[in-house]
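The chains referred to below are lettered A, B, ... by the order of the sequence lines, with proteins before strands, and numbering in each begins at 1.
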Amino acid sequence: MIAIETFSLTKKFGSFTAVRDLSFKVKEGIIFGLLGPNGAGKTTTLRMIYGALKPTSGIAKILGVDVAKEPLKAKKLMGILPEDTGIYPRLTAEENLIYFGKLRGMERSTLEMRIDNLLGILKLEKKRYIIADKLSRGQKQKVAFARAILDEPPILLLDEPTLGVDVMSAREIRRLIKEYASSGKTVMLSTHNMWEVEKLCGRIGIISNGQLRYIGSKDELEKLAGEKEFEDVFIRLVRGETIETV
Amino acid sequence: MKLFKGSSGIVKLSRGFGRKGYSLPDKPWLVVAWKELLEALRDKRTMINVVLLPMIIMPIVIALPMMMLNPKTVPPKILVVVEDKEAIDLARSIKKLHNESGAYVSITANGGNYANLILNRGIDLIVEILPGFSRNISLGKSGYIIYYYDPYGTRSSVAMSMVQEIIEKYSERILNERLAAVNLSERYIRPIDTIVKQITSTGKVATTSEVMTAMILPMMVGLIAITGAGTFAIDMIAGERERKTIEALFTAPVSRGEILLGKFSALTILSIVSGISTLLSALIGIGLAVTSLVEATSVAHPQISQLIEASKLPYVTAGILITVALGGLTGNAIMVIAASFAKTFKEAQQYVGFLTFILILPMIAIPYAPQSIYSILRILPISSLAMFARDIIVNPGDIMPVTTSLASSIIYLVAFLWLSSKMFGRESVIYG
């Protein structure tokens, strides 16, 4: 089944077109990476998919649900980690999770159990009662990640999940993303970290100047670019003028 | 104790409320309201806006000027210089002020350097009874007394009014004796007498306390509407945007209307708490001010309960609660609209500061506005709220003015709420 689907998705801010005519499909159970340089339109694309931005034209669907027409139903199917963690600094790590768990309609017992479990997995038990303002960037990112997977949604959308995070925390987050996908869930992440894409993603979309240039597996993209180093693959494909789908 | 390790102060105190979140019912607006209240509890500005400002500063601002006029607060120092030995009785009458008001009164036969005594030695008033004072009076002439005082000192003015009252009584006694000696009555030298009668819409006589309450309270209510929970309103919109939490919030499967409803619910609670604490402290301030004023002018002492007539109390209480809730919501809706244009808390404060200035003007003008424009004030935004508070204090039984100002206030509130909901969901508000 198709987990994420977009048809001619376009977003304009005044006269500037941030995303142009973007169409792609992501199958269930894979990790899809949206790779592109800064300002390529990765965040805008994700924001349209998770319903924070209204597309100027085009459609985004989550498991067949039109995000613009049924935003609440679509949001229920997604766990989201936005570009900024969005952690409330005056709430403790636990309260941040309670807040979003309750907004997602979780029952008390399930929520309590899940928070205990996630804080344990993310090694945040000792930070449970600490206000988020006193947490490190990595710890905040982990709390935000826990928030995204709190009710185990079938689709996870992550915008630069390891940006600004220390090496150890980044490694842990990558491990968790892999684990989450291995349970049959779909993950879509945006990043400009080649290594991360190489290690994590089964399918990769290369976006540049608001347009999707190529989609394929790592091997397919390497073959297309005629390069072995993925960084070289990326540079070559981003500079390429032809739009192709492998 | 282990449970509290790593946390501190207000976080520890409010942690119980934080964990209450687990048992909240499945109502998103209630969850949002819980989170907003929890954040407000942990914000230092809450203490300043809800406790410090209204409960401590307000009574001081209202009552201090009046209390300073009360000689018992800071007793003045009076020096009576008696240069006519036969006038000692008058000097002793002045000395009695010590028992009545606590003023320090000293009597001396030699004056000295009066300027030095007043400017450098802490004397507030020097009363000099000149030589020949008693002889002149016995001859049917005028006896002379000179007051030396500091025109910039409040205590000097207070001391002078106290002494003048004694001298006037003394003078009146002599005048009556002189009139009696020539078979004339006091009316002979006072051909015109004036009588003061109040005209009120209720037909009842209003006390000084009631008049002050009716003047100050509506202004207070208006100020609460504008400033009550303003900081929280800015924080909930511009602050959320500045801390970049608003996007994460909008990823939750909850409608923006429900989020706003939750935020307004929390703001209403904060407004009511802040409003009631402001009003109570204003009433205490007015009570203290009236008591001081009355003591200073030697009129019978009033009770604080006399600030509002007992029969009106239920209407006034209900009216004030309605006004505070309506005012708080209206003010918050306006703040939400203003804050929606700002990217940061600071920027929002600047917009709100300007807006506050514009909206506060009719509030200040209401106590001085002529009756002829009351009907206009009842249908204007914000002033309708203050007029509602005034109408319900002055004459709760007069249905027409009360319903007009109440209906106008509700209509404006709905309009502001609608506008704020439109502004809150805009993309430019979140990402602009």
Side-chain angles (χ1 to χ4, degrees), chain A residues 11 13 43-44 46-47 50-54 70-92 94-112 115 126-134 144 147-148 151 153 157 159, chain B residues 2-12 14-15 17-32 34-36 38-44 46 235 239-259 262 425-428 430-432:
Chain A
K11 182 67 188 177
F13 295 104
T43 298
T44 306
L46 280 177
R47 280 175 174 166
Y50 60 69
L53 280 179
K54 204 175 167 186
E70 296 177 279
L72 301 189
K73 192 176 173 187
K75 282 177 188 177
K76 190 85 183 132
L77 299 168
M78 293 181 271
I80 295 145
L81 176 63
E83 191 179 23
D84 297 297
T85 58
I87 294 296
Y88 288 92
R90 291 198 285 265
L91 301 189
T92 64
E94 183 191 34
E95 287 158 359
N96 265 288
L97 296 176
I98 296 174
Y99 184 39
F100 281 87
K102 293 307 283 189
L103 287 180
R104 293 187 76 87
M106 290 177 78
E107 290 289 326
R108 181 188 179 137
S109 55
T110 321
L111 182 60
E112 267 181 314
I115 288 175
K126 286 182 181 172
K127 305 293 173 189
R128 187 181 194 121
Y129 303 120
I130 305 288
I131 53 165
D133 204 24
K134 292 183 179 170
R147 183 187 66 200
D151 61 345
L157 298 179
D159 195 356
Chain B
K2 201 181 171 185
L3 187 75
F4 297 113
K5 203 181 166 188
S7 217
S8 61
I10 194 73
V11 182
K12 279 181 194 169
S14 53
R15 194 183 296 153
F17 183 56
R19 288 184 66 86
K20 280 266 178 251
Y22 278 120
S23 45
L24 286 171
D26 191 17
K27 303 266 181 227
W29 68 269
L30 209 60
V31 178
V32 175
W34 160 80
K35 188 280 281 177
E36 296 297 349
L38 186 59
E39 279 207 299
L41 265 174
R42 292 192 183 149
D43 190 348
K44 284 172 194 156
T46 310
D235 193 59
E240 183 127 32
R241 191 169 152 184
E242 189 176 49
R243 291 188 292 271
K244 296 177 176 171
T245 50
I246 201 157
E247 187 178 359
L249 177 61
F250 283 155
T251 64
V254 178
S255 72
R256 288 175 193 192
E258 273 202 277
I259 293 172
R426 289 194 328 162
E427 276 178 14
S428 59
I430 313 162
Y431 307 108

Practice task
Give a yes or no on whether A:Lys76 atom NZ has more than 12 heavy-atom contacts from other residues, nucleotides or ligands under 6.0 Å away.
Solution key: yes

Practice task
Heavy-atom pairs under 4.5 Å with chain B are the metric here; pick the option from A:Arg128, A:Lys54, A:Glu94, A:Met106 that has the most.
Solution key: A:Glu94

Completion exercise
Of the listed B:Thr245, B:Leu41, B:Val32, the one with the largest count of heavy-atom pairs under 4.5 Å with chain A is B:Thr245

Problem - Residue pair B:Val254 / A:Leu103: nearest heavy atoms and the distance that separates them - result: CG2-O, 3.5 Å

Problem - Check: A:Tyr129 and B:Arg19 side chains under 4.5 Å, non-hydrogen atoms - result: yes

Problem - When A:Lys127, A:Glu107, A:Lys75 are compared by non-hydrogen pairs under 4.5 Å with chain B, the top option - result: A:Lys75

Exercise for the section: Mind running salt bridge (charged side-chain N to carboxylate O under 4.0 Å, His left out) on A:Arg47 and B:Glu247 for me, showing each step along the way? Expected result: CA-CA 9 Å; A:Arg47 280 175 174 166; B:Glu247 187 178 359; 2.8 Å; yes

Practice task
Tell me, out of A:Leu77, A:Thr85, A:Ile115, who's got the most heavy-atom pairs with chain B below 4.5 Å.
Solution key: A:Ile115

Handout entry: Within-4.5 Å side-chain heavy-atom neighbours: B:Glu39 and A:Glu95
Key = no

Practice task
Would you mind checking which part of B:Glu258 comes under 4.5 Å of any heavy atom in chain A, side chain (CB onward), backbone (N, CA, C, O), both or neither?
Solution key: neither

Handout entry: Validation row: A:Ile130, A:Thr92 side chains within 4.5 angstrom (heavy atoms)
Key = no

Problem - Under 4.5 Å from any heavy atom of chain B - which part of A:Tyr99 - result: both

Completion exercise
Given A:Arg147, A:Met78, A:Arg104, A:Lys73, the one with more heavy-atom pairs under 4.5 angstrom with chain B than any other is A:Arg104

Practice task
Indicate yes or no: at least one non-hydrogen side-chain atom of B:Phe250 is less than 4.5 angstrom from one of A:Tyr50.
Solution key: no

Handout entry: chain A contact via B:Ile259 - which portion, at a heavy-atom distance below 4.5 Å
Key = neither

Exercise for the section: Would you name the heavy atoms of B:Tyr22 and A:Lys102 that are closest together and state the gap between them? Expected result: O-NZ, 3.1 Å

Completion exercise
Among A:Leu157, A:Leu91, A:Leu111, the residue with the most heavy-atom pairs under 4.5 Å to chain B is A:Leu91

Problem - Heavy-atom pair count under 4.5 Å with chain A, highest-scoring of B:Leu30, B:Leu38, B:Asp26 - result: B:Leu38

Exercise for the section: Select one option (side chain, backbone, both, neither) describing which atoms of A:Tyr88 are under 4.5 Å from chain B's heavy atoms. Expected result: both

